[in-house]
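Below is one structure, written out as structure tokens; the observations come after it.
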Amino acid sequence: MAKYMLIMRGTDESMKEMMETPFEQMLETVGRFNEELIRAGVLVAAEGLDDPAQGVVVDFSGETPVVTDGPYGETKELFGGFYVIDVASKEEAIEWARRLPAVSGTKCEVRRVPSIDEFPQDNEWIIKERAWRERTGQL
């Protein structure tokens, strides 16, 4: 099994359409999909993100990081939320992504989440992270 992140990306238009959808209807649609993921035993995590106007950007372009309040100047493809699923293959992750309940114009980026086992196991930082994951029940 491998973990994949399904990153929901919306445009200004798709975000507007989503905001016009009655909240209870959206909860019902997303809830049904989440239930499918749970029944299939592949859901690891799922979260929506708050309004971009409430966020900030930390820009590392210069010598010191600069923090800028939202909303962002460029909103063509904002991240709206994500799922982390644990599936057998990239193809299976793509099949789940194709089934996402999304409004027209939304995109979903599918990215594999590397396992800690793929990093050098003799590295002191990997050793510390593995110990933390074991203590917190993540391994």
Side-chain angles (χ1 to χ4, degrees):
M1 299 292 275
K3 290 182 186 168
Y4 284 85
M5 180 176 266
L6 311 181
I7 304 165
M8 306 298 296
R9 295 188 296 163
T11 61
D12 287 339
E13 294 80 23
S14 66
M15 295 299 284
K16 182 177 184 268
E17 183 179 337
M18 186 186 74
M19 296 308 288
E20 291 171 353
T21 303
F23 190 66
E24 289 298 322
Q25 178 183 337
M26 185 176 54
L27 285 178
E28 175 74 21
T29 303
V30 173
R32 273 192 248 118
F33 180 70
N34 291 353
E35 188 174 19
E36 286 183 55
L37 292 168
I38 292 166
R39 275 197 315 255
V42 300
L43 183 62
V44 175
E47 300 293 341
L49 300 177
D50 200 359
D51 181 340
Q54 302 302 314
V56 299
V57 173
V58 181
D59 184 345
F60 295 91
S61 298
E63 244 180 74
T64 59
V66 175
V67 178
T68 307
D69 289 335
Y72 307 98
E74 185 65 41
T75 60
K76 288 185 179 178
E77 294 187 339
L78 292 174
F79 293 160
F82 67 90
Y83 286 88
V84 177
I85 58 175
D86 195 2
V87 294
S89 65
K90 180 179 182 180
E91 291 71 29
E92 185 179 353
I94 291 168
E95 285 307 311
W96 281 110
R98 292 173 71 130
R99 294 167 62 183
L100 280 166
V103 298
S104 178
T106 301
K107 294 180 181 179
C108 176
E109 183 177 343
V110 178
R111 306 258 311 263
R112 190 173 72 82
V113 179
S115 160
I116 192 170
D117 295 331
E118 297 178 54
F119 293 89
Q121 297 303 299
D122 58 349
N123 178 281
E124 71 173 297
W125 300 107
I126 300 302
I127 292 167
K128 289 177 182 182
E129 182 177 335
R130 180 175 284 283
W132 171 77
R133 288 177 183 249
E134 288 171 353
R135 278 194 316 275
T136 58
Q138 297 180 50
L139 281 180

Contacts satisfying salt bridge (Lys or Arg N to Asp or Glu O under 4.0 Å) that involve residues 87-96 (not counting sequence neighbours) are none
Only counting residues at least two apart or in another chain, list the ones meeting salt bridge (charged side-chain N to carboxylate O under 4.0 Å, His left out) with [X].
X     : answer
Glu24 : none
Glu28 : Arg32
Arg39 : Glu35
Glu47 : none

Hits for side-chain contact (heavy atoms from CB on, under 4.5 Å) against Pro22, two or more places apart or cross-chain, chain-then-number order -> Gln25
Report the residues that fulfil side-chain hydrogen bond (donor to acceptor under 3.5 Å, both in side chains) with [X], sequence neighbours left out, ordered by chain and then residue number.
X      : answer
Glu36  : Arg99
Glu124 : none
Asn34  : Tyr83
Ser14  : Thr11

Tracing side-chain contacts under 4.5 Å among Ile, Leu, Val, Met, Phe, Trp and Tyr outward from Phe119 reaches Ile116, Ile126, Leu139
Could you list who else is in Trp125's hydrophobic cluster, with ILVMFWY side chains joined at under 4.5 Å, directly or through other members?
none
